[in-house]
Amino acid sequence: MKKITIYKYISKLLVCLVSVLFFNTVQGQENKFKSAEKLFSTLNYKEAAQAYKKAYDKGAKDKLLFQHLGDSYYFNTDMQNANKWYGKLFEEYQNDIDPEYYFRYAHSFQGIGKHNEAKKWMKQFSRSTKKSDTRKLNYVQAANQLDAILDIESSYSIKNLSVNTKYSDFGVGMYKGEIVYASSKTNEKKPERYQWNNQPFLNLYKVPFNTSDYNTEVIADHLFSDDISTDYHESNAVFNKDFTKIYFTRNNYDEKLGSDKNGVNHLKLYSAELKENSFNDKLKWRNIKELPFNSDQYSVGHPALSDDGSKLYFTSDMPGSIGETDIFVVDVLEDDQYSKPKNLGANINTSGREMFPFTQDNKLYFASDGHLGFGGLDLFSANVLNDSYQSPVNMGSPINSLKDDFAFTFDKLSNVGFISSNRKGGKGDDDIYSIVPIQQKELCEQAVNGIVSNILTDERIANAKLELYNELGVKLATTTSNEIGAYNFDIPLDCRTKYEVRVSKLGYKTSVKPSYTEAVSGSTFIPLRVETLDKLIVEEKGVLKLKIGIIYFNLDKDFIRSDASIELNKIVLVMSQYPKMHINIESHTDSRSPNEYNRDLSDRRAKSTRDYLVSQGIEATRIVSAIGYGESRLINHCLDGVACSESEHQLNRRSEFIIVKM
């Protein structure tokens, strides 16, 4: 089943006017699959798929049919069939397809294990989608890491729990030696069913679990609390340190179902407090109420508390979201108050789906289909350093599979964690799996080295500063690239280790590259490509300069012509954008005319250039020097008495703007 989250759950009693994700039901569509469209628009994906297929078998052929038939399987994580129908879509309409379908087609290839095909279509997606789509940037950064992730040996043992059923079971929370999880199982003969996947509504269950010998088996379970359970969805429970307060996800329900202006019933976060019953001293969950940042107009769910309980993370598609669903955080204040929700930003959230956060020991774990992974939802981890979220790293196999993998949680006391997945080999729909870290015994070390080059020119960059960080964001080593742009860190890293290399240099944008060391002893070669802060900033023979067109002067004159002012205004613009930039101005002539004359003329021109920049608002103190060197610094063979062409002499007549500080 699709997880209780992001998607807008619709009550069986409501008339649905919802637009699913990106695509509205189109008016005036072919009558041949009109009934299928009605089912699709109300999230009846299993029945919609059958109706579309029936229409296709009867001769219906339409771009919308192929899109929504593929979507009907995609939204229920049937990637085999999704891939088949998206394939037909591209066969028939490849030149007129929304970029989102390139992304879904690529994900369907991931979901059936065809990683090379997935890379091919992700490349097509990155070319066709808009520049602001964060999935495009994530693909460029992560495409070369996927093969390394696939090769990493398992760091966990994994086991399907006996509590799993043929229905959907997922989302573990720890509660007094028990696990609390969501399940759509029921003992009712004719239960009410949720139309998305034709399963009963979710309830919270609890069960003790046995961790002896890492068995992590569970015994008979029962409903977590009659106080919390309703006729609709409840899931994803998390508790404070002393287990006196619970946060959980529920349909927008308070005696009756609430909805937005289109009749859509969204998800909300609720809290409750454990209090004694005044009649019999039994503990009951009381004061059940929704959190203040909920809304009838969007969904909020998947609560997760920081280690100290001071922050509450959650998933939402509220205004300010980057993608379909994002992860947000609020501060937990006194008197049951909360700060304004804060989006975790583009390092974590993409144009796709991010959900099911969990945080522990300054690390954020979450599920995403926007970052490059194995297929469907994958689990990622990201270090949190001074409230800054570092680049996420795929957690690899067996945590991740070709299907949806989500809802990571870990109990340090028992050294056992849990994930949820609808991977092949499970007992039903979504299943809960226990995970136990495997102790790595063999000594395996990796050196980290590489080269630094200009992203546009491929020139090697010397004297760049490189810093090596571990997965916790702790700096391990610093080095500098040599004259041919090569670098090497002296400190070795363990094999199969997540790390990050940062490169910086005056005039260049800081670049960060997360990666993994190789699986065997040796060295990991990491090429790094950097770009200057502005296209006018160039590096020539190790000297950083502002490069503009030729500054022309009239014969024997030093005043700034109108054509020269156009070029100099480019310098003004860059220096205005970077107010800490300081420069030297150097003016040069060719070898014709006497030395003293050339030196005096070039010096006057250098100072006229300085005065012009100052007249345009550049502080005089930011121009450290303005000196004319005459013919003393020729850049070719055209000395006195040497026959040269006019173009060769022109190379020596130049003004240079040397960056000395930024």
Side-chain angles (χ1 to χ4, degrees), residues 454 456-457 459 461-463 483 506-507 532-578 580-662:
N454 188 301
L456 294 178
T457 67
E459 291 183 49
I461 305 298
N463 299 313
E483 64 276 5
L506 180 70
T532 56
L533 292 169
D534 190 275
K535 65 181 180 180
L536 294 184
I537 299 176
V538 299
E539 186 173 355
E540 295 179 347
K541 296 182 179 180
V543 178
L544 209 59
K545 303 177 181 180
L546 289 171
K547 196 78 169 181
I548 58 174
I550 297 172
I551 304 298
Y552 290 103
F553 292 90
N554 288 343
L555 180 65
D556 197 32
K557 302 297 181 181
D558 56 45
F559 67 86
I560 302 299
R561 295 175 11 173
S562 58
D563 56 349
S565 66
I566 293 173
E567 294 300 318
L568 290 175
N569 286 341
K570 297 176 183 178
I571 302 291
V572 173
L573 179 62
V574 175
M575 293 189 71
S576 299
Q577 290 174 335
Y578 299 97
K580 294 183 180 181
M581 180 184 288
H582 288 60
I583 64 171
N584 290 337
I585 299 174
E586 297 180 357
S587 185
H588 306 273
T589 68
D590 59 34
S591 62
R592 295 175 293 188
S593 298
N595 285 341
E596 289 187 10
Y597 172 83
N598 283 337
R599 185 179 297 108
D600 177 68
L601 178 62
S602 63
D603 196 63
R604 285 187 284 117
R605 288 175 172 176
K607 289 175 171 54
S608 291
T609 301
R610 175 199 61 195
D611 294 343
Y612 178 81
L613 296 180
V614 171
S615 74
Q616 299 302 305
I618 302 301
E619 295 179 17
T621 56
R622 296 177 60 195
I623 303 174
V624 180
S625 65
I627 299 174
Y629 291 92
E631 60 183 274
S632 64
R633 296 185 179 182
L634 301 176
I635 60 175
N636 58 21
H637 65 285
C638 297
L639 303 171
D640 284 334
V642 177
C644 289
S645 66
E646 183 61 31
S647 60
E648 288 175 317
H649 282 301
Q650 180 62 63
L651 293 174
N652 290 315
R653 297 195 300 272
R654 67 197 189 277
S655 293
E656 295 185 317
F657 303 86
I658 312 299
I659 299 173
V660 296
K661 181 181 178 182
M662 284 192 73

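No experiment lies behind these values; they were computed from the predicted model shown.
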Could you pull out all donor-acceptor pairs under 3.5 Å where a side-chain atom in residues 625-632 meets a protein atom, sequence neighbours excluded?
| from | atom 1 | to | atom 2 | distance (Å) |
| --- | --- | --- | --- | --- |
| Ser625 | OG | Asn584 | OD1 | 3.0 |
| Glu631 | OE2 | Asn598 | ND2 | 2.8 |
| Ser632 | OG | Tyr629 | O | 2.6 |

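- We find the CG-CG distance between Asn463 and Leu544 to be 11.5 Å, quoted to the nearest 0.5 Å.
- Every side-chain hydrogen bond (donor to acceptor under 3.5 Å, both in side chains) that Tyr612 has, sequence neighbours left out, goes to Asn569.
- Annotation: side-chain hydrogen bond (donor to acceptor under 3.5 Å, both in side chains) contacts of Asp590 (sequence neighbours excluded): Arg592, Arg653.
- Among residues two or more places apart in sequence or in another chain, the side-chain hydrogen bond (donor to acceptor under 3.5 Å, both in side chains) test is passed with Asp563 by Arg561.
- Taking both residues in full, the closest heavy atoms of Leu568 and Leu613 are given as O-CD2, 3.8 Å, listed atom of the first, atom of the second, then distance.
- A donor-acceptor contact shorter than 3.5 Å links the side chain of Asn652 to the backbone of Ile635.
- Within the structure, every pair that satisfies the salt bridge (charged side-chain N to carboxylate O under 4.0 Å, His left out) test and touches residues 594-603, not counting sequence neighbours, is listed here: Asp600-Arg604, Asp603-Lys607.
- A pairwise comparison of heavy atoms in Ser608 and Ile560 identifies O-CG1, 3.9 Å as the closest pair.
- Residues that satisfy the side-chain hydrogen bond (donor to acceptor under 3.5 Å, both in side chains) test with Glu619, not counting sequence neighbours, are absent from this structure.
- Arg622 pairs by the salt bridge (charged side-chain N to carboxylate O under 4.0 Å, His left out) definition with nothing, not counting sequence neighbours.
- The stretch residues 635-645 participates, sequence neighbours left out, in no salt bridge (charged side-chain N to carboxylate O under 4.0 Å, His left out) pair at all.
- A donor-acceptor pair under 3.5 Å is absent between the side-chain atoms of Ser587 and the main chain of Arg605, judged by distance alone.
- Within the structure, salt bridge (charged side-chain N to carboxylate O under 4.0 Å, His left out) contacts touching residues 532-546 (residues at least two apart or in different chains) are Lys505-Glu539, Glu540-Lys545, Glu540-Lys547, Lys545-Glu656.
- For the disulfide (SG to SG under 2.5 Å) condition, no pair includes a residue of residues 589-623, sequence neighbours left out.
- Between Thr589 and Tyr597, every side-chain heavy-atom pair lies at or beyond the 4.5 Å cut-off.
- Glu567 places a side-chain N or O within donor-acceptor distance of the main-chain N or O of Gly549, the cut-off being under 3.5 Å.
- Looking only at distances, a side-chain donor or acceptor of Asn636 sits under 3.5 Å from a matching main-chain atom of Glu648.
- Although no hydrogens or angles enter the test, the distance criterion places a donor-acceptor pair under 3.5 Å between the side chain of Thr532 and the main chain of Ile537.
- Residues in residues 588-617 take part in no disulfide (SG to SG under 2.5 Å) pair, two or more places apart or across chains.
- Among pairs with a residue in residues 605-662, those fulfilling disulfide (SG to SG under 2.5 Å) read Cys638-Cys644, at least two apart in sequence or across chains.
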